[in-house]
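Note that the coordinates shown come from a computational prediction; the quantities given were computed from them, not determined experimentally. Below, chains carry the letters A, B, ... as their sequence lines are ordered, and counting in each starts from 1.
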Amino acid sequence: MVRQIPPGKVLTYGAIARMMGRPRHARLVGRALWGTPSGRGIPCHRVVNSRGGTAPGWDGQRNLLENEGVPFHRNGRVVLERCLWQPDGEPPDE
DNA sequence: GCCCTGACTCCTC
DNA sequence: AGAGGAGCCAGGG
């Protein structure tokens, strides 16, 4: 699922969990990504929490996202309103 | 089997 | 808007 996230877009743990029918498994998604090997085409850096916060201990994630065009708030949070990916179809630009 | 911990989320102060 | 507490599921000691 994470692999389907296009560049410039992000997904939240809770969103993924709910897509899978497990709204309470947000942490499980995180732990799953924790064991996600790099180079598998799994852009785990496109996954942030509900507040748009990047993973702790992984500052490079923000750099990768910004590099893809993901807007960030001044406090270092991702602008979910602008880059939250929706597989059902992109929402209108306002 | 109990207790602590964690790439989470929500509510309240 | 930042900080603290509770609920959540699974893993490890």
- Are Leu33(A) and Leu11(A) connected in the hydrophobic side-chain network, where two residues link if heavy atoms are under 4.5 Å apart? yes

- Rounded distance [0.5 Å steps], OG1 in Thr36(A) versus CZ in Arg31(A): 11.0 Å

- Looking only at dG2(C), dC8(C), dT9(B), the nucleotide nearest the Arg24(A) side chain is dC8(C)

- Can you tell which of dA10(C), dG7(C), dA7(B) lies closest to the side chain of Ala55(A)? dA7(B)

- Message: Between P on dG7(C) and NE2 on His25(A), what's the gap in Å once rounded to a whole number?
- Response: 17 Å

- Message: Check this one for me: any side-chain N or O of Ser50(A) less than 4.0 Å away from OP1 or OP2 of dC8(B)?
- Response: no

- Using heavy atoms to find the nearest nucleotide of DNA chain B for Leu28(A) and Pro23(A) separately, return the residue whose nucleotide is more 5′. Leu28(A)

- Heavy-atom pair with the smallest gap, counting every atom of Thr12(A) and Asn49(A): CG2-O, 3.7 Å

- Task: Mind calculating the distance between NE2 (His73(A)) and P (dG2(C)) to the nearest angstrom?
- Result: 11 Å

- Rounded interatomic separation in angstrom, taking CH2 from Trp34(A) and P from dA7(B): 9 Å

- Query: Of the candidate nucleotides dG11(C), dT9(B), dC9(C), which contains the atom at the shortest distance from the side chain of Ala26(A)?
  - Reply: dT9(B)

- Message: Once rounded to the nearest 0.5 Å, what's the spacing between atom CD of Glu68(A) and atom CG of Asn63(A)?
- Response: 10.5 Å

- Message: Counting only side-chain heavy atoms from C-beta out, which of dG7(C), dT9(B), dG2(C) sits nearest to Arg27(A)?
- Response: dG7(C)

- Out of dT9(B), dA10(C), dA7(B), which has the shortest distance to the side chain of Asn49(A)? dT9(B)

- Item | Spacing of Asp59(A) atom CG relative to dA7(B) atom C1', expressed in whole Å | 14 Å

- Query: Quick one: Arg31(A) CZ to dC9(C) P, roughly how many Å, whole number?
  - Reply: 13 Å

- Message: Any base atoms under 4.0 Å from Arg51(A), or only sugar-phosphate, or nothing? Heavy atoms, all strands.
- Response: base

